[in-house]
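The chains referred to below are lettered A, B, ... by the order of the sequence lines, with proteins before strands, and numbering in each begins at 1.
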There are 2 protein chains.
Amino acid sequence: MAGRAAEPEVIWARRERTGRGPRPAYTRADIAAAAVRIADAEGLDAVSMRRVAAELGCGTMSLYNYVARKEDLHELMVDAVGGEHELWEPGGDWRADMLRVAHQTRALMHRHPWLPRLMSPVYGFSPNSLRFVEHCLACLDPLPVSYGTRMELIAMLNAVVTMYVGNELATAERTRALPWSEEQENAVRAAYVGGRLASGAYPRLAAGITENPGPVDMEEVFERMLGRVLDGFDPGD
Amino acid sequence: MAGRAAEPEVIWARRERTGRGPRPAYTRADIAAAAVRIADAEGLDAVSMRRVAAELGCGTMSLYNYVARKEDLHELMVDAVGGEHELWEPGGDWRADMLRVAHQTRALMHRHPWLPRLMSPVYGFSPNSLRFVEHCLACLDPLPVSYGTRMELIAMLNAVVTMYVGNELATAERTRALPWSEEQENAVRAAYVGGRLASGAYPRLAAGITENPGPVDMEEVFERMLGRVLDGFDPGD
DNA sequence: TCGTAGTTACGTACCGCGTACGTAGTGCGC
DNA sequence: GCGCACTACGTACGCGGTACGTAACTACGA
């Protein structure tokens, strides 16, 4: 009957400073930066409330004055690195501009390998996310399709980039905690898959591997993928 | 100096029964089924080693005879529901067949809302995953492009479907643990975004919302997306 | 045939996690 | 200048993954 109201909390909807009481010792930016520093250096799993508090030099529970849940800390992190996106004046060639966006996103994720894991649709409303989408829309001004379609383009391009780079980085991020190296893990997996393919149960898969046994050029694949996504939206004038 | 070897462990590479010692009380299928049951009913976060062991009726640590890490349990889950994919004799129309694959995947994810979260590239080697990819390749037999390109098509389609359905389900899965409803959360977010848009800082975003204020038909969007992905690979003969 | 080695089963224990709660201190607004 | 809303943070709870030790059990080599 008593208890608390249990109203939905969206961190961006609450102003950072309320006026009353002692001035907070840290800003949201400070906290986000500390968390990002830890995640970059030690992986996302090292980002705990205690660890971030220690990094800041304050008590663990003090963090809860700034964020209601750990998840909000993640939102702060995503927004913070989203601010690293360089926004330029679109040049009129929407295809070139969107390619540049995609490459920038990929670079961002390489700088912060934990980012793909935190890329969630529900985080799409942070200040820097809004800015980013607005910038994409500006790049798409010359594209003669509805806003709805433009949004779909942006969503799809981001999804594909996130998935692609997530794949690129997954093993690396994963094996960070494990007692063996990425190469060892890959070797064991390759040996296992090789054995399965040799069983003859997957003829096409085997043929695919045979066709191109060497390591794939990931840059090339990425480029091709982007091209295909954009093709799907090109009215072809 | 002593310690253990610390060799990479891939669960699929080790046979289920070794012959020596008492016969195991459960099969991998039993364990996977128990975990899936819990995840379906109570969400992925309810799937803990203790909880799964309780569901099976055995001691917690007994599970570690079957899986080396909790992550392996996740692999078992993904593989188990992957077995629900219905594989048919491809009919010669690769486009229709791949659309059917995509719709089936989406249905699978709706049945198991935790699946998108576990869809990781490193899980791509389980028996049922291999079967699934082989089946997709069979569907693509009529498509006159290299195996490499076919693999890229499969990867991209799966990525897009996973992202799309993940978005669809994210809030639902997320708010399961929270003390307020999905509708309340959405309302608060919408109010916040409305306020930001009213600030005038994001004119194109605002225009986009104005253009289509009603709720979007997600089915339609899904269909359009699939079409675009496939278009990108259609040589057009 | 019979050890014995490789397994299974599982209780106990450790450490780290997110976070509820209570208390003390602080400074703006009335 | 009083009071209240806020900050700071120590303590504690319950739960998580899992290392480790022990006891029972069974297929295999001698």
- Ring centre gap for A:Y192 and B:F125 strictly below 6.0 Å: no

- Message: In whole Å, I'd like the distance from the CG atom of A:L178 to the C1' atom of D:dG17.
- Response: 14 Å

- Query: Is any side-chain nitrogen or oxygen of A:Y26 closer than 4.0 Å to OP1 or OP2 of D:dT7?
  - Reply: no

- Within the structure, does a side-chain N or O atom of B:S62 lie under 4.0 Å from either OP1 or OP2 of C:dC10? yes

- Whole-Å distance, A:R51 CZ to C:dG16 P, equals 13 Å

- Message: As a test of reading the structure: which of D:dC20, C:dG27, D:dA8 is closest to the side chain of A:R20, going by heavy atoms?
- Response: C:dG27

- Query: For the side chain of A:Y66, counting heavy atoms from C-beta on, which of D:dA8, D:dT18, C:dT19 is nearest?
  - Reply: D:dA8

- Could you please name the option among C:dG27, D:dG10, D:dT18 that lies closest to any side-chain atom of B:M49? D:dT18

- Item | Rounded distance (Å) that lies between atom P of C:dT8 and atom CZ of B:R15 | 10 Å

- Message: Regarding B:G21, tell me which of base, sugar-phosphate or nothing describes its non-hydrogen contacts under 4.0 Å with the strands shown.
- Response: base

- Task: Check A:R37, A:R176, A:R51 against A:E42 for a salt bridge (charged side-chain N to carboxylate O under 4.0 Å, His left out) and give me the one that passes.
- Result: A:R51

- Note on the structure: Taken to the nearest whole Å, CZ/B:R14 to C1'/C:dG6 is 13 Å

- Note on the structure: Between CD of A:E71 and P of C:dC17 the distance, given in whole Å, is 18 Å

- Query: Under the 3.5 Å rule, do the base of D:dG16 and the side chain of B:R50 count as making a donor-acceptor pair?
  - Reply: yes

- Query: For the pair made of OH in B:Y64 and P in C:dT12, what is the distance, rounded to whole Å?
  - Reply: 18 Å

- Query: Using a cut-off of less than 4.0 Å, is there contact between a side-chain N or O of A:S48 and OP1 or OP2 of C:dC17?
  - Reply: yes

- Report yes if the side chains of A:E75 and A:W12 come closer than 4.5 Å at any heavy-atom pair, otherwise no. yes

- Task: For B:D45 and for A:R23, find the nucleotide of DNA chain D with the closest heavy atom, then tell me which residue's nucleotide is more 5'.
- Result: A:R23

- Task: Could you tell me the separation between the CG atom of B:L56 and the P atom of C:dT8, rounded to a whole number of Å?
- Result: 15 Å

- What is the distance from CE of B:M61 to C1' of C:dT12, rounded to the nearest Å? 10 Å

- Residue pair A:H74 / A:S120, side-chain donor-acceptor N/O under 3.5 Å: no

- When you get a sec, tell me which of D:dG17, D:dA8, C:dT19 is the closest nucleotide to the side chain of B:K70? D:dG17

- Task: Could you check whether A:A53 gets within reach of a base, just the sugar-phosphate, or nothing at all, counting any heavy atom under 4.0 Å?
- Result: nothing

- Query: What do you reckon, is CD of A:E86 surrounded by more than 12 foreign heavy atoms closer than 6.0 Å?
  - Reply: yes

